[in-house]
2 protein chains.
Amino acid sequence: MKRNSRLSLALHTLGHMAAEPKQWKTSADIAAHAGTNPVVVRRVLGPLRKAGLLVSEKGHSGGWKLARSPQEITLADVYLALDERLIAPDDPHANHHCSIEHALHEQVSKVLEGIERELVERFATTSIADVQNMKY
Amino acid sequence: MKRNSRLSLALHTLGHMAAEPKQWKTSADIAAHAGTNPVVVRRVLGPLRKAGLLVSEKGHSGGWKLARSPQEITLADVYLALDERLIAPDDPHANHHCSIEHALHEQVSKVLEGIERELVERFATTSIADVQNMKY
DNA sequence: ATTTCATGTAACAATTATAGTTGCATCACT
DNA sequence: AGTGATGCAACTATAATTGTTACATGAAAT
């Protein structure tokens, strides 16, 4: 696979599911389409289930499907569920000798943090249905 | 170092330089402040020089400094110079068996590509001087 | 001129992050 | 019971990133 694969895999999968919201899809099927492994799929989809975007069922004729309508799932929901932070590094306070360095570091972090927030807001304006319906 | 280190290292360095735009800084000094290696610093700063954001001089009393004023260097300049693509994976057309898969893939790519563009626009609204001056 | 100190670059090693794999417990439907 | 799915843990493999060493080149200082 490539970089940013978690988000990308998630969006593909949700896009597919949006086309047939009633149908249960197995991780094996999803993996086959995505050219990856069922366990990898479950690993990516797990957090989406925890976030309430998907539901899964065990057992015969089990699998995965959307927990709500595609219009009600935004890219921000997915992004946050996956715990991605593409802009701002999760850097919970590196040590810096000189105080100028420290202040500057704080500044850079604040700026990136702000842009990260704006990115999430942007993601929130697009739903899975939008992706699937070729709004763009 | 941590993730996103290239962008982050670049911004820190430029921030420092913005404080003393006349002064030549060596990669060794920069590296010491950033807690990394001079070669790594040159590797990150090289593309910024190629993009015309920095100038460097060899020899005794050589080093690096800004090629223009901090107000005239935006985060987008840095981001693009480093060739970062944080949102959209550079995926020059993966093969897909079924055409639905293909169409969906195109869609996801288009959406992410659009958001990537908007991110660059956002970066363009903030300059190194803004970072340094604690505008936020 | 020679020494000194810097960049520029290549090649390699080490580390870290990510993806892939195997194995098995658990649960639900047939 | 038997089958086929998820859930999860542990491990391996691979890729990406960073760090290191070595050396050629160029410019200033002596």
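Throughout, a chain's letter reflects where its sequence line sits, starting with A, and its residues are numbered from 1. Quantities reported herein were computed from a predicted structural model and do not represent experimental measurements.
- Nearest nucleotide to the side chain of A/R49, out of C/dA6, D/dC8, C/dG20: D/dC8.
- The side chain of A/W64 contributes an N or O atom lying less than 4.0 Å from OP1 or OP2 of D/dT6.
- If you run side chain to side chain contact (heavy atoms under 4.5 Å, CB included) between A/L82 and each of A/L7, A/L9, A/D77, only A/L7 comes through.
- Between the CE atom in B/M17 and the CH2 atom in B/W24 there is a gap of 9.0 Å [rounded to 0.5 Å].
- The distance between atom CZ of A/R85 and atom P of C/dA17, rounded to the nearest whole Å, is 15 Å.
- Applying the 3.5 Å distance criterion, the base of C/dG8 shares no donor-acceptor pair with the side chain of B/R43.
- Separating the OH atom in B/Y79 from the CG atom in B/L11 is a distance of 12.0 Å, to the nearest 0.5 Å.
- One atom, NZ of B/K50, and another, C1' of C/dT9, lie 10 Å apart when rounded to the nearest Å.
- In this structure, A/N37 places its CG atom 17 Å from P of D/dA9, rounding to the nearest Å.
- Separating the NZ atom of A/K25 from the P atom of D/dT6 is a distance of 13 Å, rounded to the nearest angstrom.
- To the nearest 0.5 Å, atom CD of residue A/Q23 and atom NE2 of residue A/H16 are 10.5 Å apart.
- Separating the CD1 atom of A/I30 from the P atom of D/dG7 is a distance of 11 Å, rounded to the nearest angstrom.
- Residue B/T36 places its side chain closer to D/dG19 than to any other of D/dG7, C/dG20, D/dG19.
- A/H102 places a side-chain heavy atom less than 4.5 Å from the side chain of A/E106.
- No side-chain heavy atom of B/K65 sits under 4.5 Å from any side-chain heavy atom of B/K22.
- A heavy atom closer than 4.0 Å to some atom of DNA chain C occurs in B/S56, B/E57, B/K58, B/G59, B/H60, B/G63, these being the qualifying members of residues 51-63 of chain B.
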Acceptor/donor pairs from residues 38-63 of chain A side chains to any protein atom, 3.5 angstrom cut, sequence neighbours excluded:
from	atom 1	to	atom 2	distance (Å)
A/R42	NH1	A/S27	OG	3.2
A/R49	NE	A/S56	OG	3.3

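- Across D/dA22, C/dA6, D/dT6, the shortest atom-to-atom separation from the side chain of B/T26 is found for C/dA6.
- If you measure from atom CZ of B/R42 to atom P of D/dG26, you get 16 Å, rounded to the nearest angstrom.
- Whole-Å rounding puts the A/D29 CG to D/dA5 P distance at 8 Å.
- When the nucleotides D/dT20, D/dT6, C/dG23 are ranked by their closest atom to the side chain of A/V39, C/dG23 comes out on top.
- Distance A/E84 CD to C/dA17 C1': 13 Å, rounded to the nearest Å.
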